[in-house]
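Structure, as structure tokens:
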Amino acid sequence: MPIPALALTQDSFPQESAEAAILALPSFAEGDELDLPGLRPALDATGFTGAKNSFARVYAPDVTDRPLAVVGLGSDPDAAAVREAVGTAARMLTGFDTVAVHVAADVDDAWRAAAEGASLGAYSFESYKTQDPEKAKKKRRASSVVVHVPGPVDDAELATVRAAAEAVALVKDLVSTTADRQSPEQLAEAAVAATADLDIDVTVYDEEALEEGGFGGILGVGKGSDRPPRLVRLEWAPEGAQRHIALVGKGITFDTGGLSLKPAASMLGMNEDMTGAAEVLAVVRAAAQLELPVRVTGWMCIADNMPSGRATRPGDVLTMLDGTTVEVTNTDAEGRLVLADGLVAASRENPDVIVDVATLTGAVMAALGTRHTGVMGHGDAVDAFLRSADRTGELAWPLPLPEHIAEQLESRVADLRNADMGNRNGGALYAGLFLQHFVGRTGDGDDAPRIPWVHLDIAGSAMSASAAYGFTDKGPTGASIRALIDFVAAGGEVQ
């Protein structure tokens, strides 16, 4: 997890030990005075005006003899603008080991937003590229960031920033790992390794345990592969916890579509279809690092979706963990099948809230684009997550679960069908309604309310396929992780 070491200082900017400096400035106009004497001529020479996320390297010897990068906060900046701008600068300023950061704007908790942005923006994946050492050095991002603060800061606040950055970095590392290096078994092993130094109980269900337990969804998706599926249960259970949150994640380590084979171009990047499971791992890990007073269980539902003579066929009927029979009308709608088993398993422990997270449907991208996470579910838990997303600057938007679409779930030969083939309308909602069926109830009887539940469809928000932006590189984004950590810290309740 190559994120920078993070430190805070009240010393004058820039700190003596820094090799370079980042200064975040709000928009300014001709005649406006700046806090740092001698800075204005350097900015005017480059045409820098503080426009949002504008970035420039300037020569300002009256301010510092070190290389100086300035980044714009735009007009009337808030914490989100600071996070994004400093992240942009940390991503673009390369070749220096230690970088000092200062925000020259009156923004509440500016230091925290700057620390978050720098930690996220300076991340880089240690890829499989072979590079000349000198060229690699020039492209290297900061390994240490010193953020200037106006006064003392609580250690717990800094620990939260670090834990969130580590969580995002862990997910990006796992998602960037290619499928030839990450089978279901290897992803399960990575979960064990990532939690080895923490008080987290880990149970790995292999294919025999899954068969014995009746996990028909996970087995049905994974049986076409030579690499058998896994289910990983993680538990952080601090003494005295009053709330229990269960997290369920889709972990398809490669998705060919199965016998409903994807087109060649659509298969590229399908090693990333395990993002939901990686996020579950990262959030449980962060909860333990921060010693949050909430019991958190995580369920990583892991399988390869491959075509073979053993693979599930369109029209086959699978029996889920709760006994529900499902006609598989589309083997490329496999994520909801593995999540169904995970939701049933999570429900059996009667948590206060269940959240599932998955790169589930292309339909959510048609609805919301590629930066918003689609949010579905019921109870106050949906509002609680949306508030967490707002507090952490994550983009999320609620979507409905219409009863009239639920009628389309009915199968001629089974209890449900996993996809409504030929109907391109409301696909994300159909998937959400399918998952809702497997969320347990708070009491006996079919009329008992379901356990409060949130469904996060991150099919669009989990990847930035076209370009880098803000603190996010091209590639995995880590979308919704920081919101989920905040949600867990709040006990899954509205705050």
Please evaluate residues Asp332 and Ser260 with respect to the criterion side chain to side chain donor-acceptor pair (under 3.5 Å), reporting the C-alpha separation (whole Å), side-chain torsions for both, the decisive distance (0.1 Å), and the verdict. CA-CA 6 Å; Asp332 196 22; Ser260 303; over 6 Å; no
Before giving the answer on side-chain contact (heavy atoms from CB on, under 4.5 Å), spell out for Arg336 and Tyr430 the whole-Å C-alpha distance, their side-chain angles and the decisive distance to 0.1 Å. CA-CA 10 Å; Arg336 63 200 68 177; Tyr430 185 101; 3.8 Å; yes
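- In this structure, Arg181 is positioned above the aromatic face of Tyr128, its NZ or CZ under 6.0 Å from the six-membered ring centre and within 45° of the axis.
- Leu484 has its side chain out of reach of Val280: every pair of non-hydrogen atoms, C-beta onward, lies at least 4.5 Å apart.
- The backbone N or O of Val382 lies less than 3.5 Å from no partner atom in the side chain of Arg387, so there is not a single donor-acceptor pair.
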Stepwise, does the salt bridge (Lys or Arg N to Asp or Glu O under 4.0 Å) test hold for Glu349 with Arg233? CA-CA 12 Å; Glu349 297 184 353; Arg233 180 187 180 276; 3.0 Å; yes
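- Rounding to the nearest 0.5 Å gives a distance of 9.0 Å between CD of Glu410 and CG of Leu416.
- Without hydrogens or angle criteria, Thr195 side chain to Ala191 main chain gives a donor-acceptor distance under 3.5 Å.
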Determine whether Val326 and Phe434 satisfy the following criterion, side-chain contact (heavy atoms from CB on, under 4.5 Å), listing intermediate values before the conclusion. CA-CA 10 Å; Val326 175; Phe434 179 89; 4.0 Å; yes
Checking side chain to side chain donor-acceptor pair (under 3.5 Å) for the pair Asp473/Ser464: CA distance, chi angles, key distance, verdict? CA-CA 7 Å; Asp473 272 318; Ser464 176; over 6 Å; no
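- Judged purely by atom type and a 3.5 angstrom limit, Glu84 has no side-chain atom pairing as donor or acceptor with the backbone of Val82.
- In this structure, Asp180 places its CG atom where more than 12 heavy-atom neighbours from other residues, nucleotides or ligands lie under 6.0 Å away.
- Heavy-atom neighbours of Asn423 CG from other residues, nucleotides or ligands within 6.0 Å: above the threshold of 12.
- Looking only at atom types and distance, the side chain of Asn305 has no donor-acceptor partner in the side chain of Thr256 under 3.5 Å away.
- Enclosure of atom CD in Glu157 by more than 12 non-hydrogen atoms of other residues, nucleotides or ligands within 6.0 angstrom is indicated.
- Taking CG of Asp304 as the reference point, atom OG1 of Thr253 lies at 3.5 Å (rounded to 0.5 Å).
- Between the side chains of Thr324 and Asp415, no donor-acceptor pair of N or O atoms lies under 3.5 Å.
- Atom NZ of Lys262 has more than 12 neighbouring heavy atoms from other residues, nucleotides or ligands inside a 6.0 Å radius.
- With respect to Arg230 and Glu207, a salt bridge is recorded, a charged nitrogen being found less than 4.0 Å from a carboxylate O.
- Ser225 contributes no side-chain N or O that, together with a main-chain N or O of Pro228, makes up a donor-acceptor pair within less than 3.5 Å.
- Tested against Arg285, the residues Glu279, Glu235, Glu166 include a single salt bridge (charged side-chain N to carboxylate O under 4.0 Å, His left out) partner, Glu166.
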Using the rule given for side-chain contact (heavy atoms from CB on, under 4.5 Å), can you reason through Phe125 versus Lys172, listing the C-alpha separation, both sets of side-chain angles and the distance that settles it, and then say yes or no? CA-CA 7 Å; Phe125 176 65; Lys172 289 183 176 182; over 6 Å; no
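- With rounding to the nearest 0.5 Å, the separation of CD1 in Ile218 from SG in Cys301 is 4.5 Å.
- Atom CG of Asp206 sits in a crowded spot, with more than 12 heavy atoms from other residues, nucleotides or ligands closer than 6.0 Å.
- Judged by a 6.0 Å distance limit and a 45° cone about the ring axis, Arg371 is positioned over the six-membered ring of Tyr469.
- The backbone N or O of Thr392 sits less than 3.5 Å from a side-chain atom of Arg482, completing a donor-acceptor pair.
- In the model, Trp453 has a side-chain atom that pairs as donor or acceptor with a side-chain atom of Asp356 under 3.5 Å.
- Counting heavy atoms from C-beta on, the side chains of Pro400 and Leu429 come closer than 4.5 Å.
- Contact check for Val232 versus Thr203: no side-chain heavy atoms found under the 4.5 Å cut-off.
- One N or O on the side chain of Gln182 and one on the backbone of Leu174 form a donor-acceptor pair closer than 3.5 Å.
- Counting only heavy atoms from C-beta outward, the side chains of Leu339 and Phe438 never approach each other to under 4.5 Å.
- The closest donor-acceptor contact from the side chain of Ser176 to the backbone of Asp173 lies at 3.5 Å or more, if one exists at all.
- Lys250 pairs in a side-chain hydrogen bond (donor to acceptor under 3.5 Å, both in side chains) with only one of the listed residues (Thr275, Asp255, Asp273), which is Asp273.
- Atoms OG1 and CG, on Thr359 and Asp457 in that order, are 8.0 Å from each other to the nearest 0.5 Å.
- Here the side chain of Asp341 pairs a donor or acceptor atom with the backbone of Gly216 at under 3.5 angstrom.
- Of all heavy-atom pairs between Ile451 and Pro351, the closest is CG2-O, 3.5 Å.
- For Ser388 (side chain) and Phe487 (main-chain N/O), a donor-acceptor pair under 3.5 Å exists by modelled atom type.
- Checked by atom type and distance alone, the side chain of Thr331 pairs as donor or acceptor with a backbone atom of Leu259 at under 3.5 Å.
- The aromatic rings of His372 and Trp397 stand perpendicular to each other, their planes meeting at an angle above 60°, with 30° marking the opposite boundary.
- Salt bridge annotation for Asp316-Arg313: present, with a cationic side-chain nitrogen under 4.0 angstrom from a carboxylate oxygen.
- Crowding of Asp197 atom CG: a count of heavy atoms from other residues, nucleotides or ligands under 6.0 Å exceeding 12.
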side-chain contact (heavy atoms from CB on, under 4.5 Å) evaluation trace for Leu321 with Arg348: CA-CA 11 Å; Leu321 182 59; Arg348 287 178 174 177; 3.7 Å; yes
